[in-house]
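Below is one structure; the comments refer to it alone.
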Protein chains: 2
Amino acid sequence: MSNSTGWAVPEYSAFDSETCSIARTLALVGDRWTLLVLRDLANGVTRFDDLTTHLGIARNVLSKRLAALVDAELAVRTGYRTEGSRERYEYRLSRAGRELMPILLAFMGWGDRHLAGPQGPPALPVHADCGAPVRVAVTCEAGHDLGERPRVRVQPGPGSRRREG
Amino acid sequence: MSNSTGWAVPEYSAFDSETCSIARTLALVGDRWTLLVLRDLANGVTRFDDLTTHLGIARNVLSKRLAALVDAELAVRTGYRTEGSRERYEYRLSRAGRELMPILLAFMGWGDRHLAGPQGPPALPVHADCGAPVRVAVTCEAGHDLGERPRVRVQPGPGSRRREG
DNA sequence: CAGCTGAGTTCTCTTTAGCAACTCAGCTCG
DNA sequence: CGAGCTGAGTTGCTAAAGAGAACTCAGCTG
């Protein structure tokens with residue numbers, strides 16, 4: 001397979017699409033709502049009814065998404081109790097779930113640069129410890145900052161699988 | 001609104017969910033296939049039939065996704081001609097589309113860390129200029145590397161909008 | 001001019017999402 | 001005690017999106 005440059009690509013298309021880490025991650029969080037649910041969990045909106053009203057998601061769909069997140073161990077369902085009420089449940093990010101933050105921040109960065117209105121970005125993420133604005137950067141092990149449109153080549157890794165069929 | 005810690009969150013839920021840059025970006029690329037299409041475009045799989053066979057996406061769905069990407073100016077439809085054939089079309093990432101790379105690399109990094117099999121990651125992204133492995137990092141303007149589970153607080157930005165209703 | 005190719009469109013069927021109403025447990029109040 | 005409230009769901013119906021296969025269509029070759 002080649003492209004219009006005639007330049008021989010190292011046959012990316014020869015490798016299985018679903019084995020890719022992007023595809024595998026999207027299988028967990030790549031539906032229409034999950035990343036927004038994770039965003040809200042990260043921002044302290046952790047209760048069922050709060051999530052439905054803030055997101056505008058249908059209750060049955062939220063129910064499924066939360067169950068899937070708990071199942072994938074990206075979120076944890078824990079009991080809480082406010083006085084004068086029985087025990088209720090809320091959802092909090094797990095360790096693995098919090099490690100999705102760079103993905104959310106990457107989305108945020110792109111949206112801020114390309115989709116913000118004239119007034120500027122709707123939200124500003126800051127380092128909780130020092131208060132300085134936060135950004136996502138692509139760097140290489142040689143110490144280069146690859147900038148906004150990183151020139152990246154993808155090589156087959158040890159876990160690569162050729163496409164069947 | 002509060003959470004089980006009793007700690008007063010600065011009312012994230014008071015702000016409109018759809019105004020968020022994450023939500024806006026997901027509105028463009030947040031369906032089941034678009035990010036995988038973008039991944040393939042980034043890796044040189046640029047033609048309709050190649051995309052259908054590599055991704056396993058239905059042709060009508062791919063058709064819609066590509067049209068949406070062109071419409072959003074994330075991809076460009078350009079003609080090419082191989083000798084002995086009439087002009088055909090392929091899809092390439094636009095400037096804005098290439099700026100989505102950090103998002104794809106963030107997905108890849110998470111998947112590599114959490115979903116790779118025993119053999120290791122399926123693919124290795126390297127800096128096209130120097131060949132060194134590439135990674136996504138979250139940093140703050142004070143120069144801190146926030147690590148894998150960045151402690152980030154979100155403040156209302158200039159373009160924030162309170163939730164209606 | 002018959003057949004091939006790449007790039008789609010059209011049609012039917014299944015899956016997922018959206019919406020509204022209903023359930024259910026335990027709490028408070030009269 | 002029983003009525004009503006609240007948060008966290010479930011159930012049932014409709015609407016939209018995706019899967020799969022067949023069909024179209026333009027221009028090229030033999």
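Nothing here was measured: the structure is a model prediction, and the numbers come from that model.
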Classify the side chain of [X] and the base of [N] as holding, or not holding, a donor-acceptor pair under 3.5 Å.
X        : N       : answer
Arg88(B) : dT5(C)  : yes
Asn60(A) : dG9(D)  : no
Arg59(B) : dA21(D) : no

Short N-O contact, Asp16(B) and Arg163(B), less than 4.0 angstrom
no
With a 4.0 Å cut-off on heavy atoms, is Tyr89(A) in touch with a base, just the backbone sugar-phosphate, or nothing at all?
sugar-phosphate
For Arg65(B) and dG18(D), what is the distance between atoms CZ and C1' respectively, to the nearest whole Å?
9 Å
For atom CD1 of Ile57(A) and atom P of dT16(C), their distance in whole Å:
15 Å
Crowded around Arg113(A) CZ? As in, over 12 foreign heavy atoms under 6.0 Å?
yes
Looking at dA7(C), I'd like to know if its phosphate oxygens (OP1 or OP2) sit under 4.0 Å from a side-chain N or O belonging to Tyr80(B).
yes
Only one of Asp31(A), Asp40(A), Asp71(A) forms a salt bridge (Lys or Arg N to Asp or Glu O under 4.0 Å) with Arg65(A), so which one is it?
Asp31(A)
Kindly work out whether a path of hydrophobic side-chain contacts (I/L/V/M/F/W/Y, heavy atoms less than 4.5 Å apart) joins Leu55(A) to Val70(A).
yes
Reading DNA chain D from 5' onward, which residue's closest nucleotide shows up sooner: Arg32(A) or Leu66(A)?
Leu66(A)
